[in-house]
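Basis for what follows: all heavy atoms, side chains included, without hydrogens, waters or symmetry-related copies. Heads up: numbering here begins at 1 and tracks the sequence. Just so you know, ligand 1 is whichever comes first in the structure, and atom 1 is the first atom listed for that ligand.
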Amino acid sequence: MPRDKEIKKEIKKVTTHVLLEMKRKGEKIAMLTAYDYSMGKIIDDAGIDVILVGDSASNVMAGHETTLPITLDQMIYHASSVIRAINRALVVVDLPFGSYQGNSKEALNSAIKIMKDAGAHAVKLEGGKEVKESVERILSAGIPVMGHLGLTPQSIYKFGTYTVRAREEEEATRLMEDAIVLEKAGCFAIVLEKIPAELATRVAKALTIPVIGIGAGAGVDGQVLVLHDMLGITTEFSPRFLRRYLNLYEEIKGAVSHYIKDIKDKDFPNKEEQY
Ligand code: KIV
């Protein structure tokens, strides 16, 4: 048997059951987004538990202002590129805006397309009670579903702003109810985006499924960030919850400037760098 096959056999893949077990044991879940093969490979090799092929690809890969324009086929292109790189992580793919809101049959068809064409392991969709029937129908086909509550970027034109959600009692109560509905409908996990830490902690305690936060404080079962934000490739987005681990924008810009200078100075390629 080739060596890399032997190594692959030893890797314990992350499944939805592994995530439930992690919550039960109090082990935090680490999740990041990825949209392409090369980044997917790096973060899988680093040991990330869950990779989200997020519709944030619409922002960071395509330069759109919102997540609304990205299509199902574009999500499948990103997801299949990531899937080819993965040995261990669970890969969850966002159902893009317009691919599931019509009715539960449309939601099921979109989820099936993502699973078949991209080889995804699970799908994620935004919303609470209003997507319950879709969650149940997708699950009836054996497709695991992750929910997403709080700031749901696909509804940005309804909210009007990207500010913290559920600060008021009424919205907080609704969010808690929605989280319970999603758990009862069969979601294996939910993302809570940009809500008060105290509320997120209460939701995580009330649910048996893992709650993954982004801007939801430390009292949840795991954290997710957009890869390009935490690596400092994007510079214009600086919410309080974002911890930047690198300043890749400056690093890459510096390397490219150096390369340009080497060419202009006739320093590259040198004698050793040619045939
Ligand atoms: O699309 C995305 O990147 C997301 C995360 C912000 C959770 O949904």
Side-chain angles (χ1 to χ4, degrees), residues 19 28-36 39-40 43 48-72 74-79 81-82 89-101 110-111 114 118 120-128 131 144-156 159 162-166 175 178-179 182 187-195 200 203-204 209-217 220-231 233-234 236-244:
L19 299 180
K28 297 281 185 186
I29 297 164
M31 172 165 151
L32 275 174
T33 66
Y35 318 100
D36 67 287
M39 291 291 189
I43 67 173
I48 200 77
D49 298 311
V50 184
I51 295 180
L52 173 67
V53 182
D55 58 0
S56 48
S58 179
N59 310 112
V60 296
M61 300 301 286
H64 292 295
E65 209 173 299
T66 72
T67 57
L68 275 65
I70 199 158
T71 65
L72 188 57
Q74 286 165 342
M75 287 303 296
I76 287 168
Y77 168 77
H78 288 296
S81 308
V82 170
L90 182 85
V91 180
V92 182
V93 180
D94 263 335
L95 285 176
F97 177 70
S99 73
Y100 64 96
Q101 287 90 347
S110 301
I114 284 181
H121 306 146
V123 297
K124 173 164 87 57
L125 47 73
E126 296 181 5
V131 294
V145 182
M146 179 181 270
H148 185 154
L149 296 170
L151 175 63
T152 46
Q154 291 180 10
S155 306
I156 186 59
F159 296 144
Y162 285 100
T163 54
V164 179
R165 308 301 311 171
L175 188 141
D178 279 340
L182 290 178
C187 283
F188 71 91
I190 62 171
V191 165
L192 290 182
E193 181 165 352
K194 220 169 175 185
I195 64 166
V203 175
I209 57 171
V211 172
I212 316 287
I214 173 165
V220 290
D221 307 304
Q223 300 293 328
V224 57
L225 284 176
V226 168
L227 184 65
H228 290 58
D229 296 336
M230 63 84 83
L231 293 179
I233 295 173
T234 53
E236 65 279 5
F237 181 69
S238 285
R240 187 203 293 201
F241 67 76
L242 175 62
R243 187 178 290 183
R244 283 194 206 283

Sequence neighbours excluded, every pair satisfying side chain to side chain donor-acceptor pair (under 3.5 Å) that has a member inside residues 48-64
Tyr35-Ser56, Asp49-Arg88, Asp55-Gln154

Ligand 1: protein N/O within less than 3.5 Å of ligand N/O:
| residue | atom | partner | partner atom | Å |
| --- | --- | --- | --- | --- |
| ligand 1 | 1 (O) | Asp55 | N | 3.2 |
| ligand 1 | 1 (O) | Asp55 | OD1 | 3.0 |
| ligand 1 | 1 (O) | Ser56 | N | 3.1 |
| ligand 1 | 1 (O) | Ser56 | OG | 3.3 |
| ligand 1 | 1 (O) | Asp94 | OD2 | 3.1 |
| ligand 1 | 3 (O) | Ser56 | OG | 2.5 |
| ligand 1 | 8 (O) | Lys124 | NZ | 3.0 |

Distance-only polar pair, side chains of Ser81 and Asp36, donor-acceptor under 3.5 Å:
no

Just checking, any donor-acceptor pair under 3.5 angstrom between side chains of Ser238 and Arg244?
yes

With side chains defined as the heavy atoms from C-beta onward, is the minimum distance between Arg165 and Leu175 less than 4.5 Å?
no

Checking the side chain of Thr152 only, and the main-chain atoms of Glu126 only, is there a donor and an acceptor separated by less than 3.5 Å?
no

CZ (Phe241) with more than 12 external heavy atoms under 6.0 Å:
yes

